[in-house]
Structure formats: structure tokens, C-alpha cells
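Remarks on the structure that follows.
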Amino acid sequence: MKIFNTLTGKKEDFRPRGEAVTMYVCGITAYDESHIGHAMTYIIFDAIKRYIRFKGYKVKHVQNFTDIDDKIIERANQIGAAPLELANKYVDQYFADMDALNVERADIYPRATAEIPKVIEIIQGLLAKGYAYESEGSVYFRVRNFPNYGKLSHRNLSDMISQASTYEKKKEYPLDFALWKMSKPGEPFWDSPWGRGRPGWHIECSAMALKYLGESIDIHGGGQDLIFPHHENEIAQSESFTGLIPFARYWLHNGLMQLDKQKMSKSTGNLVSVKEALNHFSADAIRLFILSSHYRSPLTYSEQALEASERGTERLRWAMTHRTNVNQGAAMLNAQPFEQKFIEAMDDDFNTAQAIAILFELAKEINRGAEQGTNITEAQHTLLKLAGTLGLTLKEKTRATPDAEAFIRLLISIREDLRQSQQWQLADKIRSGLADLGVTIEDTSQGTRWK
RNA sequence: GGCGGCGUGGCCAAGAGGUUAAGGCAGGGGUCUGCAAAACCCCGAUACGGCGGUUCAAAUCCGCCCGCCGCCUCCA
């Protein structure tokens, strides 16, 4: 299995350290609804995790919530809520959204506010080693003391310093970043050796990763917008604190969701929320859309593209619905070559687009087999298994309640009788009436089906 | 200005030196069907932003140009 590593800029063989692959993915700052761009990141890492497990590894997955920061405080003040309550609300919504998208839960979801002791421990360690300094109640990381600062984002201090704009005088050097921020009056705070304050944004991830996954983790992931400064700073802090290099062995970054030729972003309001998307499209369609392009490329959201994915999803689902009564001695569709190609695609830096193409090829063969009376049962199992590796369920959308379903069945059976007696007009009236209610009727050689 | 990425049929999107340039959606023709839908079969890029170069051979490597985007400040 080969994985593209942002750190080296190359595809590398994936060789995890221990029994279980340790994977840390940066989570959200909980101050607003999750949008499709977030869904993109978490669906991608969900597929990556599922595939790694498919390959026989165990995975230990940690994903944080930033539940205290400037944005949260600002938003909470606007609406007159307590910052932590606001954060909790959006954490709950995040879970609801991701569950609906069939994103598996991580093993641990640490929150910044619950990890203050570890944060303080690390800052103290950095101070002791001279990597950090206190200034007016805040603590900053001394970027110039970390020799490889910029190794992840492939830049160097002199490039960056020439562009550095205004900076706080409290810092020794413009690019130094906050480990601990002194709290202003009225803001939430935690006590620390440097007074009341809260953690800087970057330090929480180091603290959580080190605490829950150890000093050197296998996979660290997130959106490409986190490469600098967030992940760069995590590396600086973590490696300075532990003295162990590398902090993370494989850095994976997904491309960002675009909307109208612009990055989808909470701060600009240029977004489509997960809820909104789920109102119009199935989770499978959203996943199919996101996974049909390579995870490192940007992807532009559009209704048209989602509709195309919905249709594609229906095609895959269809292949799962055949219930052929197989004759003894019927030829069997061998899905092995498809599984092989699927694995080859995924082994090459998680080429989900290619993998999905193979799913469609397999679906086509299954459909064909169903018409020819081939035994396709095992091929269907394979299709479902491989699709499941991408988190696709291929389940029919059953919008109908059990009660409604009974009525639909009754109407269909009446319509069958009408068709038997060739009363086409009445039969068609039932069909179009149901269609208006969102129920599609299809007459096949094996009876009438609906969805 | 620095760093990184992208430009492939009507739309989306794989492919990264060499058999017929995946797959999906849309479209056209056909089979099946009371009709419809679905499914199945067949069809479509002399061609991969432009211009040069390297090579026996380039969508794929190199150079320049054009267009678009991301990061360099909070962001998945």
C-alpha cells in the first residue's frame, strides 16, 4: 500500500509501527454547523480508515474537538450563550450529521477543555528546554529554536518573514505562536503557572495525540488548509517536547471543497451545510460524489454533480436487488478479478475514483448475469463488501413508514389485477398517482417493484 | 512576492512515457415491455489549455505562456 506523504512530497510504502495503526485526524472548531467541506474531510478519512482495516490492520483513531477558542467566544457573546454550551451544541450536531453520512465514530474524541493538564505539562516541558517563553501572561513557542521549522509546508523562515505583516509586540519574533493565551476579562479561563488563560489552538492537538496515541503516530490527517500553520506548529511543539522525530510518520491532507470557484469556508459564509445536502441527496450519493475524485484534489460542489451521483448510486443499488432463483449448475459470476482491481486502485494512495469505477463495472456484470441466469449471489456479496469499504451502504432509501408501505403494497396488488384484465388506464392512473407522491413503480419480468 | 496544486469528450472524473485514453451523468440507436421506467447491447475524445523541446514513442518528462484555485491570518 502506497500513501502520499505531505512531509516528503512522495508516495511511500505504508509500514505502520505497531499492532494497531495510530491515526489522528484534526476535528472541527465547534462554533457553527458542519458543512459539506467538513463532510468531505471526514468521509475521506473514514474511507481511508475502513480500507486500512480491510487490509487487515487494526486502527486506533482519535479526533479532537476544539471547544474553546476566539471564534467560539465571539459567537457565544453575540447570542448571549456560554461558550462551552455553544460548543457542546455544535459537537452534538456534528455527530448527528456524520452519523447520517455513515461516518464511523473515532475511538476517542478528546476535547481541548478536558485536556488542560496535559497541555500545561507540555508547555512546562517546552519552557524548561528553552523552546518557549512567557510574555505578559501568555506563553509563546520560539520558532527559531526549532531547526526544521517549515519542513511540512516546504517553506523556510526567511520566505515567511518577508511576508509577515504586523505582529504582537509581546512576541520575540513575528512567527512565534501562542501556546497559552492569557484570558481577557469575562472570557473563560483555566488556572496555570502563568496565570489564568486558555490553550493556544495548536497545542491541544499535540497534547491529545501524545496522550492517546503515543509519541510517534502513524497517520496524521486533515484538510490542506491545516498544513500551515497548524500542522507545522504541531510538529514543532511535539518534536521539541519529546525529542522524538518524527511526531507523525505519514501526513495526509485532503483537497478542499469549492463552491462557486471559492473555498467553502465558515468564516466567509460560502458554504452548504451537511443538513441541507442531506435534505436533497442520500448519504450514499454524497459519499459517492466526494469519493469519485481523488482525495488530494479540490472538488466543486454543485447540485448537478450531486444529482449525477444520486443516479449512479441508484445504479449500484439496483445491482444489489436481483434475487435470482438460480438453477443448479448455473454458471457463477467470478468477482475475484474485480476485487483484485479494486485493491490495486486503493493500494495506490487510496484511489477511490478508480475503485468506484470498478464497482460500476462489477455492477454491470451482475446486472448482465441476472438477465442471463448466472449465479450472481457471491458477486453481490463482493460488491456490497467493497462498497462498504468506502462506507457506501447501497441500501434503498426507505422513506416510507411501515403503514405507508402497506398501503403502497395494496395499491400495487390492485394495479396488478387491473393489468391482468388489461385496464391500462386505471393501472396507469395508480402509477402516476404514486409517482406524484414520490413512489416509483417498475414492472419487470419478475413482478412489480417500487421505491 | 514565496510555496503548492489544477486545466482530459456536453458535465463530473481516473490515467502520469508505448496494446482499443477507466468510470459516472447527460445524449443517440436497438432489445425487452400494454405503455412507462429500469436493465441489457451498440455509438461517440485522431485526442488530453497553448507554443516549443527531449524521445523510436508524451495527455504523461522539460521550458515558456495563458487561465483557474489553495496556503502564507482563523479555517476540514
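Chain letters run A, B, ... following the sequence lines, proteins first and then strands; every chain starts at 1.
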All N/O contacts under 3.5 Å from nucleotides 34-36 of chain B to the protein, with atom names and distances to one decimal?
residue, atom, partner, partner atom, Å
B/rG34, O6, A/R419, NE, 3.3
B/rG34, N1, A/D428, OD1, 3.0
B/rG34, N2, A/D428, OD2, 2.7
B/rC35, O2, A/R431, NH2, 2.5
B/rC35, N3, A/R431, NH1, 2.8
B/rC35, N3, A/R431, NH2, 3.2
B/rC35, N4, A/D443, OD2, 2.9
B/rA36, N6, A/D443, O, 2.9
B/rA36, N1, A/D443, N, 3.1
B/rA36, N3, A/R431, NH1, 2.9

Where do N or O atoms of nucleotides 2-5 of chain B meet protein N or O atoms at under 3.5 Å, pair by pair?
residue, atom, partner, partner atom, Å
B/rG2, O2', A/D159, OD2, 3.2
B/rC3, O2', A/H154, O, 3.4

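Residue A/G9 is out of contact with every strand shown, counting any heavy-atom pair closer than 4.0 Å. Within 4.0 Å of A/H35, counting heavy atoms only, lies at least one base atom of the nucleic acid. Within 4.0 Å (heavy atoms only), A/E307 reaches no atom of the nucleic acid at all. A/E371 comes within contact range of at least one nucleobase, with a heavy-atom separation under 4.0 Å.
Contact annotation: A/N351 side-chain N/O to B/rA14 OP1/OP2 distance is not under 4.0 Å. For the pair A/R317 and B/rA38, the criterion of a side-chain N or O lying under 4.0 Å from OP1 or OP2 is not met. The shortest distance between the side-chain N/O atoms of A/K263 and the OP1/OP2 oxygens of B/rC71 is below 4.0 Å. Within the structure, a side-chain polar atom (N or O) of A/R315 is placed less than 4.0 Å from OP1 or OP2 of B/rG24.
For A/Y109 and A/F95, the ring centers are positioned less than 6.0 Å apart. Taking the six-membered ring for Trp, A/Y94 and A/F65 have ring centres closer than 6.0 Å.
Each of A/R105, A/K49, A/E104 was checked for a side-chain hydrogen bond (donor to acceptor under 3.5 Å, both in side chains) with A/H61, and the lone residue meeting it is A/K49.
Straight-line distance between the C1' atoms of B/rA14 and B/rA22: roughly 6 Å, to the nearest whole Å.
Consecutive Watson-Crick or G-U pairs involving RNA chain B, each under 3.5 Å on both distances, make up stems of three or more pairs at B:1-7 with B:66-72, B:10-12 with B:23-25, B:27-31 with B:39-43, B:49-53 with B:61-65.
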